**Student:** 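Right, I'll just put the structure down here and ask away after.
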Number of protein chains: 2
Amino acid sequence: MTADETTKKPSRIQQRNRSRILDAALDVFSAQGYRGATLDQIAEAAGLSKPNILYYFAGKEEIHVTLLSQTMETWLDPLIEMNADGEALDEILAYVMRKLEMARDFPRESRLFANEILQGAPRMLPHLQGDLKPLFDEKCAVIQGWMDAGKLAPVDPAHLVFSIWATTQHYADFAVQISVLLDSDAPAPGADSFLTDLFTKLLRSA
Amino acid sequence: MTADETTKKPSRIQQRNRSRILDAALDVFSAQGYRGATLDQIAEAAGLSKPNILYYFAGKEEIHVTLLSQTMETWLDPLIEMNADGEALDEILAYVMRKLEMARDFPRESRLFANEILQGAPRMLPHLQGDLKPLFDEKCAVIQGWMDAGKLAPVDPAHLVFSIWATTQHYADFAVQISVLLDSDAPAPGADSFLTDLFTKLLRSA
DNA sequence: TCGTGTATTGACCAAATGGTCAAAAGTTTT
DNA sequence: AAAACTTTTGACCATTTGGTCAATACACGA
């Protein structure tokens with residue numbers, strides 16, 4: 001059996017190797033994209049032989065899909081945490097900071113998604129439609145509610161969310177460009193205050 | 001000879017085929033990334049045989065590099081046009097709109113670059129350092145000048161530029177996601193006014 | 001219309017790549 | 001320690017893919 005087809009307890013060694021593989025695969029897929037990645041690269045990065053990797057996963061695609069859906073949760077978290085009962089502007093700014101932290105702490109995951117979406121989301125469309133879309137609609141409604149209540153300046157909630165995603169993920173996805181232009185390898189100092197300023201000025205209802 | 005090694009006039013048919021190939025390659029590279037693209041795909045999209053393509057270009061890499069540097073000009077244009085003698089806020093907003101138009105009119109080019117940068121810019125680093133960096137520094141200085149003169153609210157010019165790139169290119173690079181979330185294939189209606197609003201509020205010195 | 005240079009292609013190649021498999025090496029259980 | 005199971009791997013394999021090349025088809029000026 002490949003893994004735990006029929007409620008088999010995954011052995012210690014199995015867990016260890018699966019997560020090694022996934023970690024190595026995240027490195028490789030995020031840096032090379034799906035087609036650019038090879039099983040040999042993943043195998044080497046994981047410190048395992050290629051056939052051994054195929055012992056834990058049915059194939060390249062399964063590794064990729066596992067990685068994608070596994071990361072999806074982490075990715076949606078910050079948005080889920082945005083609380084309709086909180087103070088409007090604070091909630092939005094907290095969301096921005098959470099996203100920015102993720103770009104800093106999980107750049108590989110960010111690039112993994114960016115690659116996938118760029119290529120037309122061949123393996124993620126279902127997830128986007130099934131998981132992200134409802135959440136997105138719900139949170140847009142929340143934001144719209146805040147605006148209707150006069151707690152935020154009125155702007156299109158959808159584009160607001162897009163701009164948050166774009167500005168924060170940019171620091172992970174375009175890191176190479178940024179480090180060239182800033183001639184600093186430090187992960188974008190000043191982004192925090194800039195983005196806080198940007199979205200505060202946009203949204204405060206004064 | 002591959003092309004015009006020694007000041008040979010490129011024949012009519014040569015020009016036609018070279019541009020066909022580049023157009024087809026732009027389709028394929030922007031949709032699949034460098035490694036994801038195959039010469040066969042490009043050949044088919046161009047309506048030529050694979051060996052015929054290799055008759056016009058030395059190899060896959062040369063096609064890619066040609067495309068990249070050829071597009072680079074178009075890409076820098078909007079930034080170059082930003083005029084230090086113009087009205088500060090107008091210049092910035094005009095730049096934003098130009099970039100947004102480019103995301104709409106040349107999404108393939110945008111994705112081509114996004115792919116390249118995402119993978120660490122293996123074939124573009126020189127261009128980034130040699131062409132983009134000086135221009136970037138120059139324009140940051142211009143913006144800083146405007147701020148020092150009290151014509152714009154003071155924010156970090158570099159992050160300002162990053163945020164302009166991020167928000168505008170997002171509409172091209174993440175088009176699939178956006179069209180899922182907006183359930184509309186129209187290229188992001190409302191982006192214009194949202195971004196104008198965003199950057200106006202950020203920068204007006206009132 | 002013929003000759004010369006240009007364009008095009010079918011047939012190949014070598015390397016890379018995803019994947020298989022049977023056998024060997026380890027573990028664990030009894 | 002033997003049986004029974006899990007893990008690991010060397011040797012292969014079929015396909016894909018970037019690229020070559022000699023031969024053929026084509027364009028066009030003399």
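Keep in mind the model is a prediction, meaning the values are calculated, not measured. All chains are named by letter (A, B, ...) in the order of the sequence lines, taking the proteins before the strands, and each is independently numbered beginning at 1. All values below come from the heavy atoms of this structure, side chains included, with hydrogens, waters and symmetry mates left out.
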**Student:** Assign a letter to each nucleotide of nucleotides 24-30 of chain C from its 5' end: B, base within under 4.0 Å of a protein heavy atom; S, sugar-phosphate only; -, no contact.
**Tutor:** -------
**Student:** Please determine if A:R98 and A:D77 form a salt bridge, counting it only when a charged side-chain N lies under 4.0 Å from a carboxylate O.
**Tutor:**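 Result for this pair is no, no salt bridge flagged.
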**Student:** In whole Å, I'd like the distance from the CD1 atom of A:I63 to the C1' atom of C:dG19.
**Tutor:**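 Result: 12 Å.
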**Student:** Looking at A:Q14, does any N or O in its side chain come under 4.0 Å of the phosphate oxygens OP1/OP2 on D:dT7?
**Tutor:**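 The answer is yes; a side-chain N or O of A:Q14 sits under 4.0 Å from OP1 or OP2.
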**Student:** Using whole Å, report how far CD of B:E44 lies from C1' of C:dT8.
**Tutor:**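 Rounding to the nearest Å, CD of B:E44 and C1' of C:dT8 are 17 Å apart.
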**Student:** Would you verify whether the NZ or CZ of B:R104 falls within 45 degrees of the ring axis of B:Y171 while also being under 6.0 Å from that six-membered ring's centre?
**Tutor:**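 Ring-cation test returns no.
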**Student:** Test salt bridge (Lys or Arg N to Asp or Glu O under 4.0 Å) on A:D23 and A:R108 and set out the steps.
**Tutor:** CA-CA 10 Å; A:D23 189 69; A:R108 296 181 306 170; 3.1 Å; yes
**Student:** Working note: B:Q119 + A:N115, criterion side chain to side chain donor-acceptor pair (under 3.5 Å); need CA distance, chi angles, decisive distance, verdict.
**Tutor:** CA-CA 9 Å; B:Q119 329 266 297; A:N115 265 302; 3.0 Å; yes
**Student:** Ring of A:Y34, cation from A:R123 - is the NZ or CZ under 6.0 Å from the centre and inside 45° of the axis?
**Tutor:**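 Geometry flag: set, cation within 6.0 Å and 45°.
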**Student:** Assert yes or no for the condition that the ring centre distance of A:F199 to A:Y95 is strictly below 6.0 Å.
**Tutor:**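 Not close enough - the centres of the two rings lie 6.0 Å or further apart.
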**Student:** If every non-hydrogen atom of B:I42 is compared with every non-hydrogen atom of B:I21, which pair is closest and at what distance?
**Tutor:**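 Where B:I42 meets B:I21 most closely, the heavy atoms are CG2-O, 4.2 Å.
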**Student:** Rounded off to whole Å, could you give me the CD-to-P distance for the A:E61 and C:dG19 pair?
**Tutor:**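 Spelled out: CD on A:E61 to P on C:dG19 is 9 Å.
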**Student:** Stepwise, does the side-chain contact (heavy atoms from CB on, under 4.5 Å) test hold for A:E91 with A:V142?
**Tutor:** CA-CA 11 Å; A:E91 286 293 327; A:V142 168; over 6 Å; no
**Student:** Quick one: closest heavy-atom pair of B:Y56 and B:R18, and the distance?
**Tutor:**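 Heavy atoms of B:Y56 and B:R18 come nearest at O-NH1, 3.2 Å.
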**Student:** Have a look at the helix from C:dT1-D:dA30 to C:dT30-D:dA1 and give the angle its two end axes make, five pairs each, rounded to 10 degrees.
**Tutor:**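 End-to-end axis angle: 10°.
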**Student:** Let me know the distance between CD of A:E62 and C1' of C:dG19, rounded to the nearest Å.
**Tutor:**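 So the two atoms are 14 Å apart, to the nearest Å.
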**Student:** Looking only at heavy atoms, which two atoms of B:K133 and A:V180 are closest? And how far apart?
**Tutor:**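 Of all heavy-atom pairs spanning B:K133 and A:V180, the closest is CE-O, 3.1 Å.
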**Student:** Take nucleotides 8-18 of chain D nucleotide by nucleotide from the 5' end and write B, S or -, depending on whether a protein heavy atom sits under 4.0 Å from the base, only from the sugar-phosphate, or from neither.
**Tutor:** BBB------SB
**Student:** Check this for me, if you would: do A:K50 and A:D40 make a salt bridge, where the nitrogen-to-carboxylate-oxygen distance has to be below 4.0 angstrom?
**Tutor:**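 Salt bridge between A:K50 and A:D40, a charged N being under 4.0 Å from a carboxylate O: yes.
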